[in-house]
Novice: 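So that we are looking at the same thing, I have put the structure below in C-alpha cells.
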Amino acid sequence: MNFPAQTPAAPGADRIGQGTAVEQSRAVAEVQAAIYVARQFPRDIGRSRNAMQSACGSMALANKAFYRFPRAGGAVEGSTIHLAKTLAQTFGNIQYGVSELRRDDEYRQSEMQAWAWDVEMNTRHVLTFIVPHAKFAKGKVEALIDLRDIYENNANNGARRLREAIFATIPDWFIEEAEDLCRETLNKGDGKPLEQRIEGAIQVFKGLGVNADRLEQKLGRPRAQWTGADIAQLLITHKSIQRREIAVEDEFPQTRISGAEIRATAGRKPQQSTPPDDDPWAGQNAAQPGSAA
C-alpha cells in the first residue's frame with residue numbers, strides 16, 4: 001500500500017505574547033474603524049477644493065510648494081512633500097506615512113517603506129525601497145558614518161517616495177489645479193509692489209554671495225524688465241539652495257574670461273589724457289628760466 005508523502009508543517013512560534021496579541025487586535029480594529037468612519041463621512045469634493053484653493057492662495061505654502069535641483073546639465077523642477085501633505089489633508093480620508101523597516105550596518109543600507117491609503121476608496125499605494133548609507137558629492141560617492149547624517153539621508157529619501165505615494169492616490173486634476181494656484185500666488189507676491197519685490201530678491205541673494213549682475217545673467221534681462229514670474233523663479237531657486245538641493249555655483253556660475261580676452265586687455269596701451277588748453281602748465285615738463293630748480 002502506498003501512502004502519500006507527508007509535508008512537515010512549517011515551524012511556528014510556540015506562543016504569542018499578550019502584548020503582541022493585543023497589538024494585532026488593535027491594528028485590525030483600527031483599519032476596520034478607519035474604513036467604517038470614511039464610508040460614513042465621505043469626502044465632499046467641493047469642500048475639499050475650496051480648502052485646497054484657500055491653502056494654495058497663501059504665500060506660506062506657495063514658498064515651499066516647489067523644488068529645483070540640477071541634473072544632466074539642466075535642472076529638474078517639481079512639487080515638494082509640503083504641497084503633497086497639504087493636498088492629502090484638504091482632499092480628505094487619506095492616511096500616509098513612511099517608516100524604516102530594517103537597518104543593515106554591515107551592508108550600510110536601510111530598507112524603508114512609504115505608503116498612502118485612500119481610506120474611503122480602500123486603495124493603497126506602497127513603495128518599498130533600499131537607501132544606501134552614502135551620498136554623492138564632489139563627483140564621487142562618500143559613505144555616511146555619522147548617525148545624524150544617516151537619519152537625514154533616510155528622511156530625505158523617504159520624503160521623496162512619500163510624495164510620489166500621495167500623488168499616486170490623489171486625482172491628477174486636483175494636483176494640477178493646486179500647482180497652478182501656487183505659481184499664481186508666487187507671481188502676485190505678498191501684496192508688495194514689483195519694484196520692492198525685485199529689490200528684496202536682490203538683497204536676499206546678496207546674502208548668498210550672488211550679486212545683481214549674476215541674477216540678470218541668469219534671467220537673461222536687466223532688473224528693470226523683471227516680472228512677477230521672474231521673482232517667483234528666484235524664490236524657488238532660493239528655497240532649493242536653503243534646502244541644499246542645489247548649489248549656488250551650479251545655479252549662478254561665475255562669468256569666465258578666456259585667455260584671448262585677458263591677452264587682448266593686457267596688450268592695450270593706456271590712453272593718455274590731453275590737458276585742457278587753459279592749463280597754464282600744459283607742455284611745460286622742464287623748469288622755466290628764472291624759476292627755482
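What you see is a predicted model, and the numbers here were worked out from it, not measured in a lab. The first residue in the sequence is number 1, and the count goes up from there.
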Novice: Quick one: CG on D44 to CG on N93, what's the gap to the nearest 0.5 Å?
Specialist: 11.0 Å

Novice: Mind checking whether I175 and W173 sit in one hydrophobic cluster, side chains of I, L, V, M, F, W, Y counted as touching below 4.5 Å?
Specialist: yes

Novice: Taking atom CG of N63 and atom CD1 of I236, what is their separation to the nearest 0.5 Å?
Specialist: 9.5 Å

Novice: Run the numbers on I35 and W117 for side chain to side chain contact (heavy atoms under 4.5 Å, CB included), then give the verdict.
Specialist: CA-CA 10 Å; I35 296 177; W117 178 28; 3.7 Å; yes

Novice: Counting only heavy atoms not in L147, do more than 12 sit closer than 6.0 Å to its CG atom?
Specialist: no

Novice: Within the 4.5 Å heavy-atom criterion, are L234 and L219 side-chain neighbours or not?
Specialist: yes

Novice: Step through the shown structure and confirm whether more than 12 heavy atoms of other residues, nucleotides or ligands are within 6.0 Å of CZ on R124.
Specialist: yes

Novice: Please lay out, stage by stage, how I81 and K85 fare under the test side chain to side chain contact (heavy atoms under 4.5 Å, CB included).
Specialist: CA-CA 6 Å; I81 182 62; K85 289 182 177 180; 3.8 Å; yes

Novice: Less than 4.5 Å apart, side chain to side chain, heavy atoms only: is that true for I45 and F174?
Specialist: no

Novice: Can you tell me if F136 has over 12 outside heavy atoms packed within less than 6.0 Å of its CZ?
Specialist: yes

Novice: Report yes or no: is the cationic atom of R161 (NZ for Lys, CZ for Arg) under 6.0 Å from the centre of the six-membered ring of F129, at an angle within 45° of the ring normal?
Specialist: yes

Novice: Would you name the heavy atoms of A134 and V141 that are closest together and state the gap between them?
Specialist: CB-CG1, 3.8 Å

Novice: Can any side-chain N or O of S110 pair as donor or acceptor with the backbone N or O of R103 at less than 3.5 Å?
Specialist: no

Novice: With side chains defined as the heavy atoms from C-beta onward, is the minimum distance between L186 and F66 less than 4.5 Å?
Specialist: yes

Novice: Calculate, to the nearest 0.5 Å, the distance between atoms CE and CG belonging to M112 and N157 respectively.
Specialist: 7.5 Å

Novice: Are the side chains of L87 and I166 in touch, meaning some heavy atoms are under 4.5 Å apart?
Specialist: no

Novice: D104 and R102: which non-hydrogen atoms are nearest, and at how many Å?
Specialist: OD2-NH1, 3.4 Å

Novice: So, N153 side chain and D149 main chain: donor-acceptor pair closer than 3.5 Å or not?
Specialist: no

Novice: For the side chain of S58 and the backbone of S54, is there at least one donor-acceptor N/O pair under 3.5 Å apart?
Specialist: no

Novice: Do R160 and E164 sit within salt-bridge range, that is, some charged N less than 4.0 Å from a carboxylate O?
Specialist: no

Novice: Is it the case that the side chains of S99 and Q113 hold a donor-acceptor pair, with the cut-off being a distance below 3.5 Å and no angle test?
Specialist: no

Novice: Please report the interatomic distance CD(E77) to CD(Q233), rounded to the nearest 0.5 Å.
Specialist: 6.5 Å

Novice: Closest approach of V119 and Q95, non-hydrogen atoms and distance?
Specialist: CG2-CG, 3.8 Å

Novice: Crowded around M121 CE? As in, over 12 foreign heavy atoms under 6.0 Å?
Specialist: no

Novice: Return the minimal non-hydrogen interatomic distance between V248 and L208, and the atom names on each side.
Specialist: CG1-O, 4.3 Å

Novice: State, with a plain yes or no, whether a side-chain heavy atom of N211 is found less than 4.5 Å away from one of F205.
Specialist: no

Novice: Report the C-alpha distance between R163 and T80 in whole Å, list the side-chain angles of each, state the deciding distance to 0.1 Å, and finish with yes or no for side chain to side chain contact (heavy atoms under 4.5 Å, CB included).
Specialist: CA-CA 7 Å; R163 177 190 64 209; T80 63; 5.7 Å; no

Novice: To the nearest 0.5 Å, tell me how far T227 OG1 sits from L194 CG.
Specialist: 7.5 Å

Novice: In terms of side-chain geometry, is the basic nitrogen of R221 or D230 positioned less than 4.0 Å from the acidic oxygen of its partner?
Specialist: yes

Novice: Between I231 and L181, is there a shared hydrophobic cluster once you connect ILVMFWY residues whose side-chain heavy atoms come closer than 4.5 Å?
Specialist: no

Novice: In Å, rounded to the nearest 0.5 Å, how long is the span from CZ of R223 to CD1 of I198?
Specialist: 9.0 Å

Novice: Measuring only between side-chain heavy atoms, which start at C-beta, is W226 closer than 4.5 Å to I202?
Specialist: yes

Novice: Going by heavy atoms in the side chains, are L61 and T185 under 4.5 Å from each other?
Specialist: no

Novice: So do F167 and H125 actually touch side chain to side chain, heavy atoms under 4.5 Å?
Specialist: no

Novice: Please check if I170 and M52 belong to a single hydrophobic cluster, counting links between Ile, Leu, Val, Met, Phe, Trp and Tyr side chain heavy atoms closer than 4.5 Å.
Specialist: yes

Novice: Kindly indicate, with the supporting measurements, whether the criterion side chain to side chain contact (heavy atoms under 4.5 Å, CB included) is fulfilled by I94 and R43.
Specialist: CA-CA 10 Å; I94 291 182; R43 69 174 58 92; 4.0 Å; yes

Novice: Provide the closest heavy-atom pair for T169 versus A165 in the form atom of the first, atom of the second, distance.
Specialist: OG1-O, 2.9 Å

Novice: Should M59 and L83 be counted in the same cluster of Ile, Leu, Val, Met, Phe, Trp and Tyr side chains packed under 4.5 Å apart?
Specialist: no

Novice: Do you know which two heavy atoms are closest between V98 and L162, and how far apart they sit?
Specialist: CG1-CD2, 4.4 Å

